[in-house]
**Student:** 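Got a structure for you, written out below as structure tokens; questions coming shortly.
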Amino acid sequence: MKNFALTGVAGYIAPRHLQAIKDTGNSLVAAMDPHDSVGILDRYFPKTSYFTEFERFDRHLEKLRRTHSSEKVDYLSICSPNNLHDAHIRLALRVGADAICEKPLVLNPWNLDQLQEIEKETGKKVYTILQLRVHPALAAIKKELEKNKNANKKHNVVLTYITSRGPWYNFSWKGREEISGGVATNIGIHFFDMLMWMFGGIQKNHLFLRESNKAAGFIELQNANVQLYLSIDSKDLPKETVEKGKSTHRSITIDGKELEFTEGFTDLHTRIYEEVIKGNGFGIETARPSIEAAYEIRHLPVTNVKELYHPMLL
């Protein structure tokens with residue numbers, strides 16, 4: 001049994017990490033969040049030490065390390081706001097734990113180099129959650145694409161991701177670009193990773209729409225041309241999705257053939273945790289291209305090339 005600690009335990013994504021820690025037969029010994037709505041701990045790990053102040057949490061983890069406690073932390077799971085990931089990863093490595101960090105690992109690509117230096121100094125590892133790489137439907141598509149690879153042909157891809165969020169979103173840290181990186185980074189970064197994992201590196205990048213609740217663009221990859229639309233606006237949901245009472249629509253079309261992959265996301269964090277514990281998780285270099293892509297999209301000028309528009313922009 002491994003010992004885990006967790007930052008951001010009151011947040012949206014934390015339950016998936018709590019479930020993954022439980023599913024893999026491990027223990028959560030400490031958790032931190034400045035917001036005290038953390039009753040969910042009773043459902044998973046009722047004996048967890050809980051802190052509202054990062055400094056006291058830091059001191060507790062350091063004490064466990066220095067006293068060689070049976071609760072010394074092996075992994076720190078990081079579910080805190082995006083701009084804090086870098087600091088919380090550093091804490092993990094400093095107290096002798098590996099880090100399992102939600103995406104994006106960092107907002108600015110150059111911070112990855114410093115984290116790699118600390119990895120070397122401490123002998124500990126930084127892992128990230130790139131769950132689409134273990135989604136069965138997407139893994140099958142990647143395998144099929146590689147089998148039928150044609151160096152002279154680029155696939156035409158249309159990627160649509162609409163995940164409805166209420167007014168609270170813009171009043172939370174997620175709605176503040178300096179903290180979250182903006183909507184494209186916050187909800188899109190794992191799709192940037194998925195696209196490059198499937199179709200190779202980015203050759204050109206265009207941005208056609210950048211608003212607080214949606215973004216759209218065109219990405220030319222080594223083996224694909226991608227029309228991209230990301231949104232948290234419920235008005236963008238397809239009629240059939242609304243009629244089914246669902247609030248999320250994920251769709252990828254490759255050469256006119258659509259794969260709707262809204263389902264199949266329930267246990268992906270657990271699969272990631274299983275691989276991390278085996279030492280096979282996704283590390284800094286795996287995450288780097290998507291972080292660079294998100295950073296570039298955040299700073300691209302908005303242009304107008306209608307022939308490259310995603311259908312929803314038309």
Side-chain angles (χ1 to χ4, degrees), residues 11-13 81-86 101-112 128-133 157-199 201-221 224-237 247-253 261 265 287-305 308-314:
Y12 169 80
I13 204 66
N82 298 348
N83 68 325
L84 300 178
H85 288 179
D86 182 49
C101 184
E102 267 297 337
K103 59 213 160 292
L105 279 179
V106 294
L107 291 177
N108 300 314
W110 53 86
N111 290 329
L112 294 173
T128 192
I129 304 291
L130 298 173
Q131 71 266 38
L132 295 184
R133 291 188 178 222
V157 178
V158 180
L159 178 63
T160 310
Y161 178 45
I162 304 161
T163 180
S164 179
R165 298 286 187 269
W168 67 267
Y169 186 96
N170 288 327
F171 290 95
S172 74
W173 66 264
K174 296 173 189 286
R176 297 171 59 187
E177 185 167 318
E178 72 274 18
I179 295 178
S180 69
V183 69
T185 298
N186 201 46
I187 72 167
I189 192 161
H190 53 309
F191 289 106
F192 303 148
D193 173 76
M194 179 202 76
L195 290 168
M196 287 184 276
W197 171 60
M198 281 185 161
F199 300 108
I202 292 178
Q203 297 178 336
K204 287 183 184 177
N205 215 337
H206 299 273
L207 185 68
F208 304 137
L209 175 70
R210 178 170 51 216
E211 297 179 357
S212 63
N213 62 353
K214 62 190 74 177
F218 177 88
I219 304 174
E220 183 182 345
L221 300 171
N225 293 317
V226 182
Q227 296 164 299
L228 186 71
Y229 191 90
L230 305 168
S231 173
I232 59 167
D233 186 352
S234 61
K235 296 175 185 174
D236 286 336
L237 287 170
S247 60
T248 298
H249 172 73
R250 301 177 183 91
S251 174
I252 182 171
T253 298
F261 58 107
F265 281 77
R288 185 184 294 271
S290 60
I291 291 170
E292 291 174 341
Y295 178 84
E296 182 182 6
I297 287 170
R298 226 168 28 248
H299 294 87
L300 277 175
V302 175
T303 56
N304 184 5
V305 188
L308 301 180
Y309 273 12
H310 185 283
M312 290 194 68
L313 282 181
L314 300 171

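Position 1 is the first residue of the sequence, and the numbers go up from there.
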**Student:** Which value, rounded to the nearest 0.5 Å, describes the distance between Glu102 atom CD and His190 atom NE2?
**Tutor:**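 Rounded to the nearest 0.5 Å, the CD-NE2 separation comes out at 9.0 Å.
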**Student:** Pro311: what forms a side chain to side chain contact (heavy atoms under 4.5 Å, CB included) with it, not counting sequence neighbours?
**Tutor:**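 Pro311 satisfies side chain to side chain contact (heavy atoms under 4.5 Å, CB included) with Val158, Gln227 once adjacent residues are dropped.
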**Student:** Mind jotting down which residue pairs meet the salt bridge (Lys or Arg N to Asp or Glu O under 4.0 Å) criterion with at least one end in residues 180-199? Sequence neighbours excluded, please.
**Tutor:**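 Output for this query lists Arg133-Asp193.
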**Student:** Do Leu230 and Val183 touch side chain to side chain, with heavy atoms closer than 4.5 Å?
**Tutor:**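 Answer no - side chains too far apart.
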**Student:** For Ser212, give me all partners under side chain to side chain contact (heavy atoms under 4.5 Å, CB included), at least two apart in sequence or on another chain.
**Tutor:**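 Testing Ser212 for side chain to side chain contact (heavy atoms under 4.5 Å, CB included), a comparison that skips the adjacent residues, returns Asn170.
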**Student:** Take atom CZ in Arg176; do more than 12 heavy atoms of anything else shown fall under 6.0 Å from it?
**Tutor:**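 At most 12 heavy atoms, drawn from other residues, nucleotides or ligands, come within 6.0 Å of this atom.
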**Student:** When rounded to the nearest 0.5 angstrom, what distance separates NZ in Lys103 from CD1 in Ile13?
**Tutor:**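 Here the interatomic distance stands at 6.0 Å.
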**Student:** Could you list the residues that satisfy side-chain hydrogen bond (donor to acceptor under 3.5 Å, both in side chains) with Glu211, not counting sequence neighbours?
**Tutor:**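 Here no residue qualifies.
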**Student:** In chain order, what residues pass the salt bridge (Lys or Arg N to Asp or Glu O under 4.0 Å) check against Lys214, with sequence neighbours excluded?
**Tutor:**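 Once residues adjacent in sequence are excluded, the partners of Lys214 under the salt bridge (Lys or Arg N to Asp or Glu O under 4.0 Å) criterion are Asp233, Asp236.
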**Student:** Let me confirm one number: the CG-CE distance from Leu159 to Met198, rounded to the nearest 0.5 Å.
**Tutor:**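 Going from CG on Leu159 over to CE on Met198, the span is 10.0 Å.
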**Student:** Quick one: CG on Leu221 to CZ on Phe199, what's the gap to the nearest 0.5 Å?
**Tutor:**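 So the gap between those two atoms works out to 7.5 Å.
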**Student:** Atom CE of Met194 and atom CG of Leu130: how far apart are they, to the nearest 0.5 Å?
**Tutor:**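 Output value for this atom pair is 12.0 Å.
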**Student:** Do the side chains of Ser164 and Leu237 get nearer than 4.5 Å, heavy atoms only?
**Tutor:**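 Yes; the side chains approach each other to less than 4.5 Å.
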**Student:** Using a 4.5 Å cut-off on heavy atoms from C-beta on, say whether the side chain of Trp168 contacts that of Lys174.
**Tutor:**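 Heavy-atom side-chain distance check passes, below 4.5 Å.
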**Student:** When you compare the side chain of Leu228 with that of Ile219, does any pair of heavy atoms fall below 4.5 Å?
**Tutor:**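 Side-chain contact under 4.5 Å: yes.
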**Student:** What residues form a ring-ring contact (aromatic ring centres under 6.0 Å, His included) with Trp110, not counting sequence neighbours?
**Tutor:**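 If we apply the ring-ring contact (aromatic ring centres under 6.0 Å, His included) test to Trp110, skipping adjacent residues, the hits are Tyr295.
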**Student:** Please examine the side chains of Ile162 and Thr248, heavy atoms only from C-beta on, and report whether any two atoms are closer than 4.5 Å.
**Tutor:**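 Side chain of Thr248 against side chain of Ile162, heavy atoms only: no contact under 4.5 Å found.
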**Student:** Between Leu132 and Trp197, what is the shortest heavy-atom contact and its length?
**Tutor:**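 Closest pair (atom of Leu132, atom of Trp197, distance): O-CZ3, 3.9 Å.
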**Student:** The criterion is side chain to side chain contact (heavy atoms under 4.5 Å, CB included); which residues satisfy it with Leu84, sequence neighbours excluded?
**Tutor:**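 In terms of side chain to side chain contact (heavy atoms under 4.5 Å, CB included), with neighbours along the sequence ignored, Leu84 is linked to Ser80, Pro81, His88.
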**Student:** Can a cation-pi geometry be assigned to Arg165 and Tyr12, taking NZ or CZ under 6.0 Å from the six-membered ring centre and within 45° of the ring axis?
**Tutor:**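 Yes, Arg165 and Tyr12 form such a contact.
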**Student:** Quick one: are Leu105 and His85 in side-chain contact, heavy atoms under 4.5 Å?
**Tutor:**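 Leu105 does not reach His85 side chain to side chain.
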**Student:** For His206, which of Ile297, Asn304, Leu308 qualifies under side chain to side chain contact (heavy atoms under 4.5 Å, CB included)?
**Tutor:**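 With His206 as partner, side chain to side chain contact (heavy atoms under 4.5 Å, CB included) holds for just one option, Leu308.
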**Student:** Is there a side-chain contact between Asn225 and Val157 in this structure, where contact means two heavy atoms from C-beta onward sitting under 4.5 Å apart?
**Tutor:**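 When only atoms from C-beta onward are counted, Val157 and Asn225 do not touch, as no gap falls below 4.5 Å.
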**Student:** Which residues satisfy the side chain to side chain contact (heavy atoms under 4.5 Å, CB included) test with Ala294, sequence neighbours excluded?
**Tutor:**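 If we apply the side chain to side chain contact (heavy atoms under 4.5 Å, CB included) test to Ala294, skipping adjacent residues, the hits are Thr185, Ile189, Phe192, Arg298.
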**Student:** Check whether any side-chain heavy atom of Leu107 lies under 4.5 Å from a side-chain heavy atom of Asn83, and answer yes or no.
**Tutor:**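 Yes - at least one pair of side-chain heavy atoms lies under 4.5 Å apart.
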**Student:** Side chains of Thr160 and His249: donor-acceptor distance under 3.5 Å anywhere?
**Tutor:**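 No.
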**Student:** Heavy atoms only: give me the nearest Ala293-Met196 pair and the separation to one decimal.
**Tutor:**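 For Ala293 and Met196, the tightest heavy-atom pair comes out as CB-CE, 4.0 Å.
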**Student:** Using the side-chain hydrogen bond (donor to acceptor under 3.5 Å, both in side chains) criterion, which residues pair with Glu177? Sequence neighbours excluded.
**Tutor:**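 Once residues adjacent in sequence are excluded, Glu177 has no partner under the side-chain hydrogen bond (donor to acceptor under 3.5 Å, both in side chains) criterion.
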**Student:** Of all residues at least two apart in sequence or in a different chain, which pass the salt bridge (Lys or Arg N to Asp or Glu O under 4.0 Å) check with Arg210?
**Tutor:**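 Partners of Arg210 under the salt bridge (Lys or Arg N to Asp or Glu O under 4.0 Å) test: none.
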**Student:** Taking only residues two or more places apart in sequence, or in another chain, which ones meet Asn186 in a side-chain hydrogen bond (donor to acceptor under 3.5 Å, both in side chains)?
**Tutor:**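 Counting only residues at least two positions away or on another chain, Asn186 forms a side-chain hydrogen bond (donor to acceptor under 3.5 Å, both in side chains) with Asn82, Tyr169.
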**Student:** Using the test side-chain hydrogen bond (donor to acceptor under 3.5 Å, both in side chains), find all partners of Tyr161 that sit at least two apart in sequence or belong to another chain.
**Tutor:**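 By the side-chain hydrogen bond (donor to acceptor under 3.5 Å, both in side chains) rule, Tyr161 matches no residue at all.
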**Student:** At what distance, to the nearest 0.5 angstrom, does CZ of Phe208 lie from CG of Leu300?
**Tutor:**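 One finds 10.0 Å between CZ of Phe208 and CG of Leu300.
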